[in-house]
Protein chains: 2
Amino acid sequence: MSNGFVIEDSEDIPKYSLEKVLGKVIHGNSLSVMKKLPKESVDLVFLDPPYFLQLPKKDLRRWNSKTIVNGVDDEWDKFKSFEEYDSFIKETLLLARDIMKPAATLWVISTYHSIFRIGKMMQDLGFWILNDVHWIKTNPMPNWLGVRFTNSTETLIWAAKDKSSRKYTFNKEWAKKLGIGKVAANVWEFPICTGKERLKDDDRRCKLHSTQKPAELLKRIILTTSNEGDIILDPMAGTGTAGYVARSLNRRFIMIEINPKYIDGMKKRFDRG
Amino acid sequence: MSNGFVIEDSEDIPKYSLEKVLGKVIHGNSLSVMKKLPKESVDLVFLDPPYFLQLPKKDLRRWNSKTIVNGVDDEWDKFKSFEEYDSFIKETLLLARDIMKPAATLWVISTYHSIFRIGKMMQDLGFWILNDVHWIKTNPMPNWLGVRFTNSTETLIWAAKDKSSRKYTFNKEWAKKLGIGKVAANVWEFPICTGKERLKDDDRRCKLHSTQKPAELLKRIILTTSNEGDIILDPMAGTGTAGYVARSLNRRFIMIEINPKYIDGMKKRFDRG
DNA sequence: AAGAGTTCTGAATCGCTGT
DNA sequence: GACAGCGATTCAGAACTCT
C-alpha cells in the first residue's frame with residue numbers, strides 16, 4: 001500500500017497530473033505544491049491551517065500531578081504578526097480556489113484565535129459562505145483558573161468559490177442524520193481525538209501530532225458535502241485523517257504535508273488499513 | 001416609570017452626564033450619542049448591530065445596471081458595500097471602547113454573515129478576544145431548502161479593551177451553572193424569543209422587531225460578566241432587552257435607539273414591569 | 001479475567017509577585 | 001517591558017494499576 005504512497009516534491013517537477021497524485025501524499029510545501037496541481041480538478045477542499053494560538057512561552061504545570069500540559073508549541077504555528085498570518089492564509093485560499101472545480105466547496109477549521117480573520121478574508125476574496133458549523137467537544141480541556149468560559153468548540157466555515165456557485169454537493173439526508181433531532185443543524189457534537197485513534201510517536205509515549213483531527217469530523221464533512229468518487233484535497237494533511245476517511249468512504253484524495261514525521265505516521269496508519 | 005425614561009437627543013446637547021442618562025433610553029443616532037457620553041464610564045457593553053444578512057436585491061440590480069453602464073467590476077461594488085458595513089462597525093467599536101472603563105468588557109452578537117468581519121476588525125483594533133460563545137437555538141427557523149445546514153446558531157464575541165486588560169468580571173459559578181455538565185462551556189442552549197415575551201406591534205398581529213433578543217440571552221451575559229450595580233451600555237437597543245434584564249438583575253443601564261417605534265415598545269415593556 | 005480505584009491528558013491566547 | 005518562580009484548583013474519558 002505505502003509503495004509509491006509518498007511523492008517527494010522537488011523543483012524539478014513543474015506540474016502534477018491528476019493521475020499521478022490521486023491517492024497519494026505529496027511531501028512538500030503546501031503553497032509550492034498547490035501551484036503545480038491542475039486547475040479546476042478537485043470537488044472538495046479540507047483546510048486545517050495553523051490556528052495562530054499565540055500561547056505564552058511558559059509551561060503550564062498541573063497542580064496535582066506535577067506533569068506539564070503539552071500545549072501547541074510547534075514551529076508550524078509560529079507567526080510574527082497578524083499580517084504574516086493573514087498573507088499566508090490568503091495565498092493558501094487563492095491557490096485552493098484555482099484547484100477547485102466550479103461547483104466545488106471548501107471547508108476551513110479553526111478557533112476564535114483566527115477563525116474570524118479567515119472568514120473575513122474569505123468574504124473579501126469573494127468566497128461565498130454557505131454555513132458556519134460548530135463542533136462541540138464533549139471532553140474539552142477545562143479552564144482551571146476560571147477566568148474565561150471553557151473553550152469547548154471549534155468553528156468550521158463551509159464555502160463555495162463565489163456567490164454564483166450552484167449545484168454544489170449537499171447530502172441533506174446525511175446532514176439531518178448527523179444534526180440535532182430531525183434538524184440538519186449546523187452543530188455537531190462529539191469528542192476530541194483520544195485513545196487508540198490518537199497516533200503516538202515512535203516511543204509510543206507522546207502524541208505524534210498536537211492537533212490530530214478525529215475521524216468523526218472528517219466523516220461528517222465528507223458524507224454531507226461530497227459524493228462517492230469525488231476528489232478531496234487536503235493541503236495541510238498532518239496525520240492524514242482526511243485522506244484516511246476519504247478512502248474508507250470511497251472517495252479519492254490528494255494530500256500535501258511538509259513534515260516527514262507526520263508522513264511516517266500517515267503511512268503506518270494507511271498500512272494498518 | 002416612563003416619565004423621563006426617554007431622552008430626545010439633539011444637536012443642542014453637547015455632552016451627557018452619567019446621572020442624566022442612567023436608566024434611560026436616548027432617542028438618537030447611536031454614533032452621535034456615543035460621542036457625547038463620558039469616557040471610561042461603563043462596565044459592560046452589549047452590541048447587537050445589523051447583521052448585514054444579504055446584499056439587497058434592489059441594490060444588486062442597481063449595481064448590475066451600473067456595471068453595464070459604467071463597466072465597473074462586480075467585485076468592486078461588492079467590496080464597497082462590505083467596506084461601508086465595516087466602517088460603520090469600526091466606528092461603533094472605537095466609540096464604545098472610549099466609553100468603557102479599563103476593566104470593562106464588550107459583547108457583540110451576529111451570525112456568519114458578518115461575525116467574521118466583526119471579529120477580525122476587533123482584533124485589528126486591539127480588542128482582546130476572551131471567548132467566542134455560541135448560542136444554540138433549540139427551535140431554529142425552519143428555512144429549510146435542503147441546500148445548506150439549518151442555521152441554528154448565533155455567535156457572540158466577548159472581549160476586553162486590550163491584551164493587558166485584567167480584573168475584568170467573570171462569575172465562574174454562574175458560567176458553570178449555565179454551561180454543559182460541570183463545564184463552564186462557551187456554549188449556551190435555549191430557544192429563540194417567542195410567545196408572550198415577543199413584543200407585538202400596535203395591532204397585536206405582527207412582531208414588533210424582527211430580531212428581538214430573548215431575555216435569557218441577556219440574563220446569561222449579565223450574570224456571567226457583570227456585578228450588581230454595574231453600568232451596562234446598549235448602543236443599539238432595539239426593543240430594550242438588555243436594559244430590561246439589567247434592571248431586573250439590579251444593574252444600571254444606558255440605552256440608545258433611533259427608531260421611535262421600538263422606543264414605544266420599550267416604554268410599554270418597562271411600564272409593565 | 002473482571003472490576004474498582006488511580007493517573008494522565010487534551011488546539012489554552014488562564015493567575016500573581018518580584019527582579 | 002521580559003522572565004522566573006510560586007501557587008491556586010478543572011472535567012471527561014481513556015489508560016493504567018491493583019486486587
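Note that this is a predicted model, so its numbers are computed, not measured. Order of the sequence lines sets the chain letters (A, B, ...), proteins ahead of strands, with each chain counted from 1.
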Student: Nearest heavy atom decides the nucleotide; on that basis, is T194(A) or Q54(A) closer to the 5' end of DNA chain C?
Tutor: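 Its nearest nucleotide lies further toward 5', so the answer is T194(A).
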
Student: Where does the chain B footprint on DNA chain C start and end, counting 5' to 3' with a 4.0 Å heavy-atom cut-off?
Tutor: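 Nucleotide range in contact with chain B: dT13(C) to dC16(C).
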
Student: Which part of the nucleic acid, if any, lies within reach of D48(A) when heavy atoms closer than 4.0 Å are counted: base, sugar-phosphate only, or nothing?
Tutor: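 Answer is base: heavy atoms of D48(A) come under 4.0 Å of a base.
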
Student: I want to confirm an ordering. Mapping K196(A) and I180(B) to their closest nucleotides on DNA chain D, which one lands closer to the 5' end?
Tutor: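 Its nucleotide being nearer the 5' end, the pick is I180(B).
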
Student: From NZ of K207(A) over to P of dA14(D), roughly how many Å is that when rounded to an integer?
Tutor: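 Whole-Å distance recorded here is 17 Å.
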
Student: NA contact type, K213(A), heavy-atom cut-off 4.0 Å: base, sugar-phosphate, or nothing?
Tutor: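 Base contact.
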
Student: Once you apply a heavy-atom cut-off of 4.0 Å, does W135(A) come out as touching a base, just sugar-phosphate, or nothing?
Tutor: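 No contact.
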
Student: CG/L37(A) to CD1/I256(A) distance, rounded to the nearest 0.5 angstrom?
Tutor: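 Answer rounded to 0.5 Å: 5.0 Å.
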
Student: State the pairing partner of dA14(D); accept Watson-Crick or G-U wobble contacts with both distances under 3.5 Å, and report none otherwise.
Tutor: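 Per the H-bond distance test, dT7(C).
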
Student: With a cut-off of less than 4.0 Å, is there a side-chain N or O of K176(B) near OP1 or OP2 of dC11(D)?
Tutor: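 So the side chain of K176(B) is within the cut-off, an N or O lying under 4.0 Å from OP1 or OP2 of dC11(D).
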
Student: Touch check for Q123(B), heavy atoms < 4.0 angstrom, all strands: base, sugar-phosphate only, or nothing?
Tutor: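 Base contact.
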
Student: Which of parallel (below 30°), tilted (30 to 60°) and perpendicular (above 60°) describes W135(A) and F190(A)?
Tutor: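 Ring orientation of W135(A) relative to F190(A): parallel.
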
Student: Is the positively charged end of R97(B) above the ring of F127(B), judged by distance under 6.0 angstrom from the centroid and angle within 45° of the axis?
Tutor: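 Yes - R97(B) lies over the ring of F127(B), closer than 6.0 Å to its centre and within 45° of its axis.
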
Student: Just how far is it from atom OG1 of T225(B) to atom CG of L44(B), taken to the nearest 0.5 Å?
Tutor: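 These two atoms lie 4.5 Å from each other.
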
Student: For W158(A) and W107(A), I'd like to know if the aromatic rings sit close, meaning centre-to-centre distance below 6.0 Å.
Tutor: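 Yes, close enough.
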
Student: Taking K161(A) for its side chain and M100(A) for its backbone only, find out whether a donor-acceptor pair lies under 3.5 Å.
Tutor: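 Indeed, once roles are kept as given, a pair shorter than 3.5 Å links the two residues.
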
Student: Distance from L233(A) atom CG to I99(A) atom CD1, nearest 0.5 Å?
Tutor: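 Output value for this atom pair is 5.5 Å.
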
Student: Under a 3.5 Å cut-off for both contacts, is dG7(D) paired Watson-Crick or G-U wobble with anything, and if yes, with which nucleotide?
Tutor: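 When the pairing criteria are applied, nothing turns out to pair with dG7(D), so the answer is none.
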
Student: Give none if dA12(C) has no partner; otherwise give the nucleotide forming a Watson-Crick or G-U wobble pair with it, both distances under 3.5 Å.
Tutor: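 Base partner found: none.
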
Student: Taking only the C1' atom of each, what is the distance from dT13(C) to dA12(D) in whole angstrom?
Tutor: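 The answer is 23 Å between these two C1' atoms.
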
Student: When you check the glycosidic angle of dT9(D), does it come out syn, meaning within 90° of 0, or anti?
Tutor: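 dT9(D): anti.
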
Student: Name the residue closer to the 5' end of DNA chain D, choosing between R62(A) and G195(A) according to the nucleotide with the nearest heavy atom.
Tutor: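 Its nearest nucleotide being more 5', the pick is R62(A).
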
Student: Taking the six-membered ring where the residue is Trp, are the ring centres of Y51(A) and W76(A) under 6.0 Å apart?
Tutor: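 No, they do not, as the ring centres are separated by 6.0 Å or more.
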
Student: Should the pair R148(A) and F170(B) be classed as cation-pi, given the thresholds of under 6.0 Å to the six-membered ring centre and 45° from the axis?
Tutor: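 Because its charged atom misses either the 6.0 Å distance or the 45° angle limit, R148(A) does not stack over F170(B).
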
Student: For DNA chain C, which residues in residues 138-159 of chain A have a heavy atom at a distance below 4.0 Å?
Tutor: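 Output list: N139(A), P140(A), M141(A), P142(A), N143(A), W144(A), L145(A), V147(A), R148(A), N151(A), E154(A).
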
Student: Base, sugar-phosphate, or nothing for I192(A), non-hydrogen atoms under 4.0 angstrom?
Tutor: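 Sugar-phosphate contact only.
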
Student: Which heavy atom of N171(A) sits nearest a heavy atom of S226(A), and at what distance?
Tutor: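 Heavy atoms of N171(A) and S226(A) come nearest at ND2-O, 3.0 Å.
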
Student: Rounding to an integer number of angstrom, what distance separates dG1(D) and dC16(C) when you compare their P atoms?
Tutor: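 Going atom to atom, P in each nucleotide, I get 16 Å.
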
Student: Describe the nucleic acid contact of K163(B) in one word from base, sugar-phosphate, nothing, applying a heavy-atom distance below 4.0 Å.
Tutor: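 It contacts nothing in the nucleic acid.
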
Student: Identify whether any heavy atom of I129(B) sits under 4.0 Å from a base atom; if not, whether one sits that close to sugar-phosphate; answer base, sugar-phosphate or nothing.
Tutor: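 Base contact - I129(B) has a heavy atom under 4.0 Å of at least one base atom.
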
Student: Describe the nucleic acid contact of P49(A) in one word from base, sugar-phosphate, nothing, applying a heavy-atom distance below 4.0 Å.
Tutor: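 P49(A): base contact, heavy atoms under 4.0 Å.
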
Student: Taking atom C1' in both dT7(C) and dT10(D), compute the distance separating them and give it to the nearest angstrom.
Tutor: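 Between the two C1' atoms, the distance is 15 Å.
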
